[in-house]
Amino acid sequence: MEGLDKLRRARIEKLNQLKAAGVNPYPYRFRGTHTIEQLIAAEKNLSENEMLVSTAGRVMSVRGHGATTFGHIADLNGTIQFYIRKDIVGKDAYKLFKLIEVGDIVGVEGTLFRTKTDELTIRAQKVEILTKTLRPLPEKWHGLTDKELRYRQRYVDLFMNPHIREVFIKRSKLIESMRQFLIGNGFLEVETPILQPLYGGASARPFVTYHNTLDMKLYLRIADELYLKRLLVGGLERVFEFAKDFRNEGIDRAHNPEFTMMECYAAYMDYLDFMDMVEEMMRVVAGDLAAGGVVTYKGHEIDFGKPWKRIRYFDAIKERTGRDFRRMSDDEIFEEAIELGLDVEKDTPSPAILDELFSELIEPELIEPTFVYDYPKALSPLAKDHRSDEGLVERFEPFVGGFEVGNAFSELNDPIEQRKRFEQQAALRARGDEEAQILDEDFLRALEYGMPPAAGLGIGIDRLVMIFTDSPSIRDVLFFPHMRPEEGPV
RNA sequence: GCGCCGCUAGCUCAAACGGUAGAGCACCUGACUCUUAAUCAGAUGGUUCGGGGUUCGAUUCCCUGGCGGCGCACCA
């Protein structure tokens, strides 16, 4: 840390020199006439020396030549060169300017001109320090590439690697686009509890916390499903929420302990209506984010303008394996799974075997937008029985780019059946399944007051952003992915 | 949680078989009034992730811990 300290001391020394000269290194505001992007666009209307312009940004490079200095400043959307001459700004100002260095945030005022290499440049008449920085920037040529540092110090990553900012801007736009679509379709944006006395709506292990005054355990939500459905009971016929959910599970390229899920529910609709809606929503969102609604992910062109492929769960398995698992006994399912090379135990319940088989063999191949529908009942305790096919539920999952990006069903609204499903989950839990869902008496009470027939949908926002930004890891689409604490001084 | 790989200056990276730890950029000093990875001359900068072991000697080999990446497992 000796080396870093030395670099910081040198910067603090310059800071003190600025102060000694009566300059506030952290002034309150700056009003530029243009952003850098606007300067570039406005250039054709400005002739040399004609108009005084000013703009602010971070100093990304400095090239001094005695009595002149060139450098670049960057703001959110652009980079522009500045040029400072001692004979223009004066001897004292030039000396003060020499205390400004790479990384500092400055305001530059001057006139636009083109250098002899034809680069648009601000010939500075005034340079004002707006923020003195105390740490050196990463090396200008390679920048910050170490993944650990990029994730831990995202603030540095963001200004050193402008293309990273694009990922997050796209993320924001995706959410905006989806929100507008939903609002345009009569959905009401709502907020429901993150701290829940009982967790539900998904099969996952929760984070547990504690309320001091109430002296009670609380859980961070794993889903907002059960609360949104309570709102349907309350007559809010179409609701949605962009929800941070929390699941106490492993971390990998596709999983972060906290993640964003958009859930929406619509009364009087069923899962088939929602398939159409998801198709339309993704067509609109993709149109807003990508030229022609076509996205390239891992080298695959994914066209959201085309109708999605639709295939029933057991048909998808049959298509891939040539075997009809629908008609097999539990023993046969186990034996076939072993034959297909799956790592399953003799006592693994057959729905879990199918689930495993599906995610191993089928899911990775679902690159083109695909709806898989009509799932086995055992995996879906909150979905309504299939209207005509015993043992199945009216559920579909959208797949894109080889992974599941959502989950939807015709919502189970029969309170007696729902209680039975919860009781089956309780039995699983008693046998040691920590992810089995918890019986929620208040939710059942709500259903007993009557929830209209409804469809519900959850969309994994992070994964969609990965697809739209061609990002290999969920960490690349989260500003601050979860990390173990670093040790020692930073 | 398990396996494999990595961790060297602020950043990006080197270091033959185990033999005084280096470069570029940044920083510091000096020169330089159209440069742009500015250039030129010089100087500074290290707990080689931590701890232990083997050895005359460890960045290097062994053990152990930390952090990260990738894969597996679990999930969305």
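A close approach under 4.0 Å does not occur between any side-chain nitrogen or oxygen of A:K6 and OP1 or OP2 of B:rU44. At the phosphate of B:rU33, neither OP1 nor OP2 sits under 4.0 Å from any side-chain N or O atom of A:R85. The side chain of A:R8 places no N or O atom within less than 4.0 Å of a non-bridging phosphate oxygen (OP1 or OP2) of B:rG10. In this structure, A:T145 reaches the B:rU12 phosphate: one of its side-chain N or O atoms is under 4.0 Å from OP1 or OP2. For the pair A:R63 and B:rA38, the criterion of a side-chain N or O lying under 4.0 Å from OP1 or OP2 is met. At B:rC34, none of the side-chain N or O atoms of A:R123 fall inside 4.0 Å of OP1 or OP2 (strictly under the cut-off). Look at A:R253 and you won't find any side-chain N or O under 4.0 angstrom from OP1 or OP2 of B:rC70.
For A:E119, counting side-chain heavy atoms from C-beta on, the closest listed nucleotide (B:rU35, B:rA76, B:rC74) is B:rU35. The side chain of A:A67 lies closest to B:rU33 when the candidates are B:rU33, B:rC28, B:rA26. For A:H65, counting side-chain heavy atoms from C-beta on, the closest listed nucleotide (B:rA38, B:rA26, B:rC28) is B:rA38. Of the listed nucleotides (B:rC34, B:rA76, B:rC74), B:rC34 has the atom at the smallest distance from the side chain of A:K116. The nucleotide whose nearest atom lies closest to any side-chain atom of A:E101 is, among B:rA76, B:rC28, B:rG68, B:rC28. The side chain of A:E148 has B:rG68 as its nearest neighbour among B:rA38, B:rG45, B:rG68.
Look at the P atom in both B:rA23 and B:rA31: the space between them is 25 Å, to the nearest Å. Rounded to the nearest Å, the gap between the P atom of B:rU44 and that of B:rA38 is 24 Å. B:rC67 and B:rA21 are spaced 23 Å apart, taking the C1' atom of each and rounding to whole Å. Taking atom C1' in both B:rC62 and B:rU55, one finds a spacing of 12 Å when rounded to whole Å. The C1' atoms of B:rG69 and B:rC49 are separated by 16 Å, rounded to the nearest whole Å. Comparing B:rA14 with B:rA73, their P atoms sit 32 Å apart, to the nearest whole Å. As rounded to the nearest Å, B:rG53 and B:rA9 have P atoms that lie 25 Å from one another.
A cation-pi arrangement is not found for A:R123 relative to A:Y83, the charged atom failing to lie both closer than 6.0 Å to the ring centre and inside a 45° cone about the ring normal.
Atom CG in A:L149 sits about 11 Å away from atom P in B:rA9, given to the nearest Å.
Between A:E189 and A:R179 there is a salt bridge, with a side-chain nitrogen of the basic residue lying less than 4.0 Å from a carboxylate oxygen of the acidic one.
Around atom NZ of A:K98, more than 12 heavy atoms belonging to other residues, nucleotides or ligands sit under 6.0 Å away.
For residues 136-143 of chain A, proximity to RNA chain B is found at A:P136, A:P138, A:E139, A:K140, A:W141, A:H142, A:G143, defined as any non-hydrogen atom under 4.0 angstrom from a strand atom.
When heavy atoms are screened at a 4.0 angstrom cut-off, A:N256 is found touching base atoms of the nucleic acid.
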